[in-house]
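All remarks here apply to the structure that follows.
Being a predicted model, the structure only gives us computed values, none of them experimental.
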Amino acid sequence: GADQRTVVARELLLAWPRFHPTRYAESVLRESPLLGGHVRIDDPSLIPGLVELKSLRRLDCRFHDGHGDLAFVPDLSSLHSLTVADPKVRNLSPLAGTGLKRLALASTRHDQHGIDLRYVPPEVAVIRLPLEIDLAPLRDVRTLTRLDVLRPSSGWSQLATLPVLTSLQLSNIINVTRLAELTELTDLTSLSLRDVMWTTSDLTPLAFLRAPRAIGLTNCPFLVELRELSRWADSLEQLWLRDCPDVSLDGLTGLTGLHRLDLSGSRVTDLTPISHLTELKVLRLGRSEPVPDLTPLRGLRHLNRLWCYDSGDVDLTPFAGRPGIVVYVSRRQNVSGAETLGPGSRVERH
């Protein structure tokens, strides 16, 4: 059990459900390094054995049929990262006073997520979504630095009392005016929002952010205008605009410090506004049909990763002679101009 090889630890963990959960954990897994301190369990019957794992630092609980009880978490004194996918979890109060640094409340197959809000009336969406989980008890998890909530939630204003929270992700936001509850979280360095019913077409609801380094927006069908991003030109390094079909890229021109940009699933016809992003290293254009002309990217000397997966034909001739760039495409995509790429450049199919 104390063998340090990853392949051994993985096999021992896979065998755990076949034995008595507590006896096996105590006699076999107690001294195991686990997978770098990480364990994933899908069966709640293994919970009693978790306290025996001396190296446990990160725990991923995927209880898709539901368990609903987090009372075991305070007993795991060395745990600093917890991911929970459990449709029956409603009460987060057992986490109060724990030393968690990261918490993720993931979606499950019972959840409605990724809803295209353009075609769902608000009153219908409220009925179809699972019950909100109250985040207010997390105000007593004083060590929390990152919180990812991929379920409908409430109690956002209570998060302002967390002294070291820097990264927040929220989803299923049917009423965008609720973002006013976040206005005290001025020092967030990363904010990600999914499935947002914008009542405005711009980013003014996010004006409370002081100097974010990362902003992520996914499935925001009414978002159009990005000029508000200019206020963070000195700090913003990463931007995700996934599945935002009508968004205009004109507001990106001043973001010269941007390193990563994800436009997957958004309608992009002209990359000219991106040509000014001189520090850009990674660009994702996934699910783009057709793939826009890549010529405006030719002058981005730091660009070394370009994703065009699940898209139309890709013409790489604008990168003729370009060294050190990797282009990712799907297996069946047609790619032309790959032979003109410079040394160290390549096309990878996945």
Q) Is the side chain of Asn219 donor-acceptor paired with the backbone N or O of Arg194 at a distance under 3.5 Å, no angle test? A) no
Q | Ion pair Arg242/Asp262, N-O distance below 4.0 Å | A | yes
Q | Cationic N near anionic O, under 4.0 Å, Asp187 to Arg210 | A | yes
Q: Using a strict 4.0 Å threshold on nitrogen-to-oxygen distance, state whether Arg287 and Asp243 make a salt bridge.
A: yes
Q | Arg90 side chain vs Pro87 backbone, donor-acceptor pair below 3.5 Å | A | yes
Q. With distance as the sole test, does Thr143 use its side chain to make a donor-acceptor pair with the main-chain N or O of Leu100 at under 3.5 Å?
A. yes
**Q.** Trace of the ring pair (Phe, Tyr, Trp, His ring centres under 6.0 Å) decision for His350 with Tyr309
**A.** CA-CA 8 Å; His350 296 276; Tyr309 52 90; 9.5 Å; no
**Q.** Sidechain N-carboxylate O distance under 4.0 Å for Asp140, Arg142
**A.** no
Q: Anything under 30° is parallel, anything over 60° is perpendicular, the rest tilted; go ahead and classify Tyr24 against Trp16.
A: parallel
Q) Under 3.5 Å, is there a donor-acceptor pair linking the side chains of Asp310 and Ser330? A) yes
(Q) Quick one: does any side-chain atom of Ser153 pair with a main-chain N or O of Glu132 as donor and acceptor, under 3.5 Å? (A) no
Q: State plainly whether the residues Lys281 and Glu279 are in salt-bridge range, i.e. N to O under 4.0 Å.
A: no
Q.
Taking the basic N atoms (NZ, or NE/NH1/NH2) and the acidic carboxylate oxygens, is any pair closer than 4.0 Å for Arg227 and Asp250?
A. no
Q. Is Glu289 reaching over with its side chain to a backbone N or O of Gly312, donor-acceptor style, under 3.5 angstrom?
A. yes
Q.
Testing Val149, Ile173, Leu168, Thr183 one by one against Trp156 for a side chain to side chain contact (heavy atoms under 4.5 Å, CB included), which residue passes?
A. Ile173
Q.
Please evaluate residues Leu135 and Ser154 with respect to the criterion side chain to side chain contact (heavy atoms under 4.5 Å, CB included), reporting the C-alpha separation (whole Å), side-chain torsions for both, the decisive distance (0.1 Å), and the verdict.
A. CA-CA 6 Å; Leu135 304 182; Ser154 61; over 6 Å; no
**Q.** side chain to side chain contact (heavy atoms under 4.5 Å, CB included) partner of Leu294, the single match among Val327, Asp315, Leu285
**A.** Leu285
Q: Output the distance between atom CG (Leu34) and atom CZ (Arg58), rounded to the nearest 0.5 Å.
A: 10.0 Å
Q) Going by an N to O cut-off under 4.0 Å, is there a salt bridge joining Arg5 and Asp3? A) yes
Q | Charged N-O contact under 4.0 Å between Lys54 and Glu31 | A | yes
Q. Are the charged groups of Arg178 and Glu181 less than 4.0 angstrom apart, N to O?
A. yes
